[in-house]
Amino acid sequence: MRPVDALRRIAFLLERAHQPTYRVQAFRAAAAVIADVPEKDLQAYVDAGTLTDLKGVGKTTAAVISEALAGQQPAYLAKLESEVTGPVVAGGTELRAALRGDCHTHSNWSDGGSPIDEMAQAARDLGHDYVVLTDHSPRLTVANGLSPDRLRRQLDVVAELNDELAPFRILTGIEVDILDDGRLDQEAELLARLDVVVASVHSKLRMDSEDMTRRMVTAVANPHTDILGHCTGRNVTPRGRSGKVRPESEFDAELVFEACRQFDVAVEINCRPERLDPPRRLLSLAVETGCWFSIDTDAHAPGQLDWQPYGCARAEECEVPAERIVNTWAADDLLAWTASHA
Ligand SMILES: [Zn+2]
Ligand SMILES: [Zn+2]
């Protein structure tokens, strides 16, 4: 195993095990530093005992690098690997096996922790055929949302990466903010160019039910919308010193899911452990309504791409039929479906 791959694998496993991105940064940073250093030069640093002179390489990462160079499995990595005993959660195995991609992911262009190519390689290593890159839209400034110009630049970067990664595909996309009045926070011309548009509410989550229903239905009816992201906005993990969770937004779910059915928009099953959105009763309602679904990780780091089983287990419990899940489809079928919207 190359030292850079050992460092990245460690980072992946830590992320998968819910370690926050910042705690994993030492490994990602060291990997980036040594990525372009020839192995014989690394070996020279090891022999001279000067590996930690490299900026970004500390004691722990230096040990990983020298053990990998010596042809051993680094001890740090061996320990992490021994803790992996199968998927992150039991259940949903068949659905997980049927998934061919992930339609909601973030890179370091917005609030993700890793570059686009590392996210794509991790998705490919998980067996996916494609990953949709859905960084945030301009108004979400706290998440470094992409201006129209930055998004245009990102499209060029993705086109270049796709030449390198083929047959694996990065599909273009956005997680576009649903504004207070239901409009989408990006130029219509750009939304039309993107392969997949995930629309999500991130602000004024406590709006009264009637206004929130109108807001969500307006967004769902927008011809550019393909997937409705984390529909209730809830957060089930107690946060901060108050230990408070974020309750679900209030809206008429029957009406919103009926709009999804009518306008051919998939209801996202968001896999993030703190979201698990929609909750079971609403997921069952969406199944009854006859909606499409998309089981997505909303990953902000490569290791989180392996969180799909959380959503698959949920989908199985609520009896979501595999053929209603859009990311069980081949990339071309998914693209034909999204293109049929706008
Ligand atoms: Zn979101
Ligand atoms: Zn997201």
Side-chain angles (χ1 to χ4, degrees), residues 15 18 20-21 101-116 119-120 122-123 130-146 150-151 154 170-180 182-186 191 194-207 212 215-216 219-220 222 224-237 239 245-249 251 256 260 265-279 282 293-308 310-311 326-327:
E15 289 156 357
H18 302 200
T21 299
D102 193 327
C103 296
H104 183 167
T105 70
H106 298 274
S107 76
N108 61 1
W109 282 59
S110 64
D111 59 347
S114 286
I116 301 168
M119 291 295 287
Y130 57 89
V131 65
V132 187
L133 177 62
T134 56
D135 277 317
H136 288 287
S137 65
R139 206 189 65 164
L140 212 59
T141 48
V142 288
N144 196 20
L146 273 60
R150 284 181 70 219
L151 180 52
Q154 185 180 68
I170 304 170
L171 305 184
T172 62
I174 187 172
E175 180 179 17
V176 66
D177 242 44
I178 300 176
L179 301 174
D180 297 355
R183 281 179 308 125
L184 302 182
D185 179 37
Q186 189 47 282
L191 294 176
L194 298 169
D195 293 325
V196 178
V197 173
V198 178
S200 311
V201 170
H202 291 113
S203 60
K204 295 229 179 127
L205 293 157
R206 304 270 70 80
M207 209 177 230
M212 183 59 97
R215 178 184 184 185
M216 292 172 77
V220 166
N222 187 306
H224 298 300
T225 303
D226 301 310
I227 296 170
L228 175 64
H230 50 68
C231 63
T232 78
R234 72 172 184 171
N235 187 321
V236 296
T237 306
R239 290 175 308 158
V245 299
R246 190 169 61 222
E248 299 169 21
S249 293
F251 56 92
V256 169
C260 287
V265 165
V267 173
E268 176 182 79
I269 299 172
N270 190 294
C271 300
R272 294 191 67 80
E274 80 276 18
R275 286 196 183 273
L276 289 174
D277 199 359
L282 291 185
F293 297 91
S294 185
I295 302 182
D296 302 325
T297 59
D298 197 355
H300 286 67
Q304 297 174 5
L305 289 164
D306 206 8
W307 286 354
Q308 257 172 340
Y310 290 121
V326 300
N327 52 329

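Indexing begins at 1, ligand by ligand and atom by atom, following the structure's order. Owing to the predicted nature of the structure, the values given are computational and were not obtained by experimental measurement.
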Trainee: Among the N/O/S atoms of His202, select the one at the shortest distance from the Zn ion (ligand 1) and name it.
Mentor: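 Atom name returned: NE2.
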Trainee: To make sure I understand the geometry: which N, O or S atom in Glu175 is closest to the Zn ion (ligand 1)?
Mentor: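 For Glu175, the N, O or S atom at the smallest distance from the Zn ion (ligand 1) is OE2.
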Trainee: Please find out if the Zn ion (ligand 2) and some N, O or S atom of His136 are separated by less than 2.8 Å.
Mentor: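 No, outside the cut-off.
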Trainee: Is there a donor-acceptor contact under 3.5 Å linking the side chains of Gln304 and Thr297?
Mentor: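 Result is no, nothing qualifies.
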Trainee: What is the name of the N/O/S atom of Asp298 that is nearest to the Zn ion (ligand 2)?
Mentor: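 Closest N, O or S atom of Asp298 to the Zn ion (ligand 2): OD1.
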Trainee: Are Gln186 and His224 linked by a side-chain donor-acceptor pair shorter than 3.5 Å?
Mentor: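 Side chains of Gln186 and His224: no pair found under 3.5 Å.
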Trainee: Verify salt bridge (Lys or Arg N to Asp or Glu O under 4.0 Å) between Asp185 and Arg139, making sure each step is shown before the conclusion.
Mentor: CA-CA 7 Å; Asp185 179 37; Arg139 206 189 65 164; 5.1 Å; no
Trainee: Verify the distance criterion only: is there a donor paired with an acceptor across the side chains of His18 and Glu274 at less than 3.5 Å?
Mentor: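 Note: His18 and Glu274 side chains miss the donor-acceptor criterion.
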Trainee: Under 2.8 Å from the Zn ion (ligand 2) - does any N, O or S atom of His106 fall there?
Mentor: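 Short answer: yes, at least one N, O or S atom is under the cut-off.
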Trainee: Do you know which of Ile295, Asn270, Ile269, Leu276 makes side-chain contact (heavy atoms from CB on, under 4.5 Å) with Tyr310?
Mentor: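 Per the side-chain contact (heavy atoms from CB on, under 4.5 Å) rule, the option paired with Tyr310 is Leu276, out of Ile295, Asn270, Ile269, Leu276.
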